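Below is one structure, written out as structure tokens; comments come after it.
Positions are given from 1, in the same order as the sequence printed here. Keep in mind that this is a model prediction, so the values were computed, not measured. Whatever order the structure lists ligands and atoms in, that order sets their numbers, starting from 1.
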Amino acid sequence: MARLVMKFGGTSVADIDRIRNVARHVKREVDAGHEVAVVVSAMSGTTNQLVAWCREASRLHDAREYDAVVATGEQVTAGLLAIVLQDMGVNARSWQGWQLPVLTSSAHGGARILDINGAELIKRFKERDREVAVIAGFQGVYKETNRLTTLGRGGSDTSAVAVAAAIGAQRCDIYTDVDGVYTTDPRVVPQARRLDKIAYEEMLELASLGAKVMQVRSVELGMVHNVRIFVRSSFEKPEDIDPHAEPSGTLICDEGEIVEQQVVTGIAFSKDEAQISIRRVSDKPGVAAAIFGPLADSNINVDMIVQNVSADGSTTDLTFTVPSADYERARITIEKAKASIGYERLDTATDVAKVSVIGIGMRSHAGVAAQAFGALAKNKINIRAITTSEIKFSVLIDAVQTDLAVRTLHSLYGLDKT
Ligand code: ADP
Ligand code: ASP
Ligand code: MG
């Protein structure tokens, strides 16, 4: 007997038929003798609709009320799955975030989980013949005000990993619409290969650089609490799964568990980028502080930064990127600070994309990025900015060339399916 968390994303619970399919997966694990907590997302499209309604109601809506609205999607699925499970003869009860409770920070719309009380769930596994807990993902409660909070888009992954840590689950299965983590998004590159295992650190980079298969914070939590996260497909028929065989999917685990480490593990991309170039800014001490200070004060995350070598000794060009959602605010902030920074003009671009190459092997292999620059040049892909760190590098390019760049790098590093 094991204790398991099973998380099902939006497409996996898109309608009652799909919820029945999910219930059969749950029943399969219960019948195998396991204690099961299920975490569900809202039915696909629901959260988008709820967010759109908030925006339509008021562009500047109260974040607490936004949470009151968007948290409802998960409540519906949790209740429906509990009903379907009961109908199949499985003992089940739904839980909303405040009922466990899932305690979070006060950052409405993007709250962090602080603590989950798993005691009641464990008690019920023991006393109520392994009652299945069906938990609404994505939501929690801020204790001081007793108000509902949500965890940011894709946050049900984080709910699942946090529940797994709270109840000491042997595994946290993330059931989704792909059968694992691939070398890149399989919808963009059909030659992408499924990885048997990926290290937390690499998954963290992939997720934060654009691969939305797991929310970044869920991977962070998994790494801190050592939760074994297994990404697999909910589309596999429950009846076809051999309970004694190794399931197919991708295990996110410690680096030490991966025997055959490749130099490059995967490629991520993000089109939610915007570039701001400040032309002819004075080349003197204090300028970077004059630029990035006000941006930090406005809570804008600056990502890539490139400063050109000064041609005339007195002025230079400085380029940086921000998430598209922050572009307008960033531009206005820099325009407002023009007098204290001192520059000639701003050039901006919103049709840019960031493509990133990730692999722990880069720590010990030189020249990995250099290969990419050659291959991109051969395909006439212009690089606007570059950043590198220990286990990844990113290039900023024109958004229209994203797919070509991803495919080029994917084959360059031998990631294509053979
Ligand atoms: P869910 O609704 O189950 O949470 P998501 O849509 O959030 O599912 O995440 C699954 C999607 O992530 C896949 O459909 C796939 O297109 C995308 N994806 C992006 N990068 C990758 C990758 N490297 N491996 C697998 N899937 C990826
Ligand atoms: N329903 C939420 C969203 O769409 C949370 C999730 O699916 O993980 O972002
Ligand atoms: Mg998701």
ring-ring contact (aromatic ring centres under 6.0 Å, His included): pairs with one or both residues in residues 46-84, sequence neighbours excluded
His61-Tyr66
Flag for Asp67-Thr149: side-chain donor and acceptor within less than 3.5 Å
no
Would you say the side chains of Arg28 and His25 form a donor-acceptor pair under 3.5 Å?
yes
Contacts of type side chain to side chain donor-acceptor pair (under 3.5 Å), residue Tyr182, not counting sequence neighbours:
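Partners of Tyr182 under the side chain to side chain donor-acceptor pair (under 3.5 Å) test: Asp179.
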Does any N or O in the side chain of Ser218 come within less than 3.5 Å of the main-chain N or O of Val161, such that one atom is a donor and the other an acceptor?
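A pair under 3.5 Å: no.
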Would a distance-only check, ignoring hydrogens and angles, find a side-chain to backbone donor-acceptor pair under 3.5 Å from Arg3 to Ile167?
yes
Output the set of protein residues with a heavy-atom contact under 4.0 Å to ligand 1, ordered first by chain identifier and then by residue number.
Lys7, Gly9, Gly10, Thr176, Asp177, Val178, Gly180, Val181, Tyr182, Thr184, Asp185, Pro186, Arg187, Ala211, Lys212, Val213
Below 4.0 Å from any atom of ligand 2, which residues have a heavy atom? Give them in chain and number order, please.
Ser41, Ala42, Thr47, Glu74, Phe138, Arg153, Gly154, Gly155, Ser156
Let's go through Asp157 and Lys7 carefully: what are the C-alpha distance in whole Å and the side-chain angles of both, what is the deciding distance for side-chain contact (heavy atoms from CB on, under 4.5 Å) to 0.1 Å, and is it a yes or a no?
CA-CA 7 Å; Asp157 296 329; Lys7 181 260 171 178; 2.8 Å; yes
Before accepting this row, confirm whether a basic side-chain N of the pair Glu120/Arg93 lies closer than 4.0 Å to the acidic partner's carboxylate O.
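Looking at Arg93 together with Glu120, the answer is no, because their closest N to O distance does not fall below 4.0 Å.
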Between Phe292 and Leu318, what is the shortest heavy-atom contact and its length?
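It is CZ-CD2, 3.7 Å.
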